[in-house]
Trainee: 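Below you will find the structure I want to go over with you.
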Amino acid sequence: MFSLVVSAYQAALSQFIGSAVPPESTNVFIIGATGYVGGAILTRLLDGELERPFDINVLTRSVEKAQQFEPFGVKAVVGSLDSLDILEAVAAQSDVVIECANADHLESTKALLAGLRKRHAITGKVPILIHTSGTAVLSDDAAGMHSTDTIYDDTNLEQMDTIPPTQPHRNVDLTVADADKEGTARLPPRYVKTFIVLPSTIYGLASGPLVDAGIANPRSQQIPTLIRASVDRGQAGMVGAGVNLHPNVHIDDISQLYITILKRALAGDDIGHGREGFYFGENGEHSLYDVAQAMGVALHDMGLARTPAPSSFTKAELDKYFGGSESLGTNVRCRAERGRGIGWKPARTTEDMLASIKPEIEDVIRSRGTQMSPAGANRTS
């Protein structure tokens, strides 16, 4: 009888102690947390979507911005992508690094990998790197004049391996993927698990407390840049004939992809990483003409365009608005099979993207202080 009482007491005590001890926090370092994508990811982590404790560090360029993170319980390190010693040191204390500031800054990526190698050497655990690339790695030189039948599938390793190393972002991507198979004589072959997210044309205005506090950027780049150019010229514009094709994804959906990868990786699930860790972010595709046409109608309805019909940018306009780049006229076609295979469920479609253009125009107008004056006579306050 006594032994039964003791056993019951020990079981109750064990249960009490187990419930009283909080789970160990995961150290996360986010580079680009004040940006469009990074801010959306941080917002989801702060919302507790992964139902586990995190100690979050972010990189920011100023003391003033660093102080803005304090009410959110986020620690900020002041520095830039060129602060390689800082990046390496913070990564060496991190279980997870999420990199979404610059897809082409090779030296900062190397510094983060060096820090994660140290983390592995200290703890014996394999940390996680989620790197942000982009589907521009698939782009061609169509200049808006033709489409393509080539569609990349991120689960097709042979096809993914054919992407030339000279493509945009590719040198950094390969460095990240190769790190997943490196090792040392003393340690196991793998010191880091790497995952590469390749967002497509991201759209939609980000929201949440970080945006409300003026910490995170709520806007994408491609569509707002096209809007600003079109407003300035008084007519929706496109590169060439605009028949090139691009995938698209909503900001809420692409941030959910990062969370899905992180959740599965932290759980120790066997999901693709390294060479098998490329994850496209798309949920539909559009032609540039589709975007320009929807933009033209909205601008015309708002009195900001002479005609609803779009026209091609001239060489002088490409130089003025895009630094001479014809990147908006490239073809990029892909399918996000790997993400969907691990449970990612994007909700917004191309129809939503086209419907988002008018609100994006209104936001650009507000941010520029442009008055709703007749086309060709827009002015800023």
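Just so it is clear, the structure is predicted and the values come from calculations on it, not from any experiment.
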Trainee: By side-chain contact (heavy atoms from CB on, under 4.5 Å), which residues pair with T314, not counting sequence neighbours?
Mentor: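 side-chain contact (heavy atoms from CB on, under 4.5 Å) check on T314 returns A316, E317.
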Trainee: Which salt bridge (Lys or Arg N to Asp or Glu O under 4.0 Å) pairs, counting each pair once, include a residue from residues 284-298, with sequence neighbours left out?
Mentor: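 Matches after skipping sequence neighbours: E285-R333, E285-R335.
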Trainee: Can you list everything that forms a side chain to side chain donor-acceptor pair (under 3.5 Å) with T349? Sequence neighbours excluded, please.
Mentor: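 With sequence neighbours excluded, T349 shows a side chain to side chain donor-acceptor pair (under 3.5 Å) to D352, given in chain and number order.
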Trainee: Not counting sequence neighbours, which residues clear side-chain contact (heavy atoms from CB on, under 4.5 Å) with L106? List them please.
Mentor: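 So L106 forms a side-chain contact (heavy atoms from CB on, under 4.5 Å) with K110, N171, V172, T175.
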Trainee: Which pairs pass salt bridge (Lys or Arg N to Asp or Glu O under 4.0 Å) with one or both residues in residues 53-75, sequence neighbours excluded?
Mentor: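 As it turns out, there is no salt bridge (Lys or Arg N to Asp or Glu O under 4.0 Å) pair with a partner in residues 53-75 once direct neighbours are skipped.
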Trainee: Does anything in residues 199-241 form a ring pair (Phe, Tyr, Trp, His ring centres under 6.0 Å)? List the pairs, not counting sequence neighbours.
Mentor: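 Only Y203-H250 qualify under ring pair (Phe, Tyr, Trp, His ring centres under 6.0 Å).
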Trainee: Would you mind listing every salt bridge (Lys or Arg N to Asp or Glu O under 4.0 Å) that reaches into residues 82-98, with sequence neighbours excluded?
Mentor: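 Qualifying pairs: E88-K118, D95-R119.
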Trainee: Supply the members, apart from V63, of the Ile/Leu/Val/Met/Phe/Trp/Tyr cluster built from side-chain contacts under 4.5 Å; use none for a lone residue.
Mentor: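 In the cluster with V63 are V78.
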Trainee: Show every donor-acceptor pair shorter than 3.5 Å between a side-chain atom in residues 251-274 and any protein atom, with sequence neighbours excluded, or say none if there are none.
Mentor:
| unit_1 | atom_1 | unit_2 | atom_2 | d |
| --- | --- | --- | --- | --- |
| D252 | OD2 | R348 | NH2 | 3.3 |
| D253 | OD1 | A347 | N | 3.1 |
| D253 | OD2 | A347 | N | 3.2 |
| D253 | OD2 | R348 | N | 3.0 |
| S255 | OG | R44 | NE | 2.8 |
| S255 | OG | I251 | O | 3.1 |
| S255 | OG | D252 | O | 3.0 |
| Q256 | OE1 | R44 | NH1 | 2.7 |
| Y258 | OH | T132 | OG1 | 2.6 |
| T260 | OG1 | Q256 | O | 2.8 |
| R264 | NE | D269 | OD2 | 2.5 |
| R264 | NH1 | I342 | O | 2.8 |
| H273 | ND1 | D180 | OD1 | 3.2 |
| H273 | ND1 | D180 | OD2 | 2.8 |

Trainee: Under 4.5 Å side-chain heavy-atom separation, chaining through any Ile, Leu, Val, Met, Phe, Trp or Tyr, what else clusters with I122? Say none if it is isolated.
Mentor: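 For I122, no cluster forms, as it stays isolated from other hydrophobic side chains.
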Trainee: Going by an N to O cut-off under 4.0 Å, is there a salt bridge joining K320 and D232?
Mentor: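 Salt bridge: yes.
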Trainee: So if you build clusters from Ile, Leu, Val, Met, Phe, Trp, Tyr with side-chain heavy-atom gaps below 4.5 Å, do F280 and I151 land together?
Mentor: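 Different hydrophobic clusters.
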Trainee: Aromatic rings F313 and Y321: how do their planes relate, parallel, tilted or perpendicular, breaks at 30° and 60°?
Mentor: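 Plane angle between 30° and 60°, so tilted.
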Trainee: Can you name the salt bridge (charged side-chain N to carboxylate O under 4.0 Å, His left out) partners of D319, sequence neighbours left out?
Mentor: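 Salt bridge (charged side-chain N to carboxylate O under 4.0 Å, His left out) list for D319, sorted by chain: K315.
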Trainee: Tell me which pairs pass salt bridge (Lys or Arg N to Asp or Glu O under 4.0 Å) where either residue lies in residues 133-142, with sequence neighbours left out.
Mentor: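 Residue pairs passing salt bridge (Lys or Arg N to Asp or Glu O under 4.0 Å), neighbours aside: none found.
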Trainee: If we ignore angles and hydrogens, is there a donor and acceptor under 3.5 Å between the side chains of T109 and E99?
Mentor: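 Yes, side-chain donor-acceptor contact under 3.5 Å.
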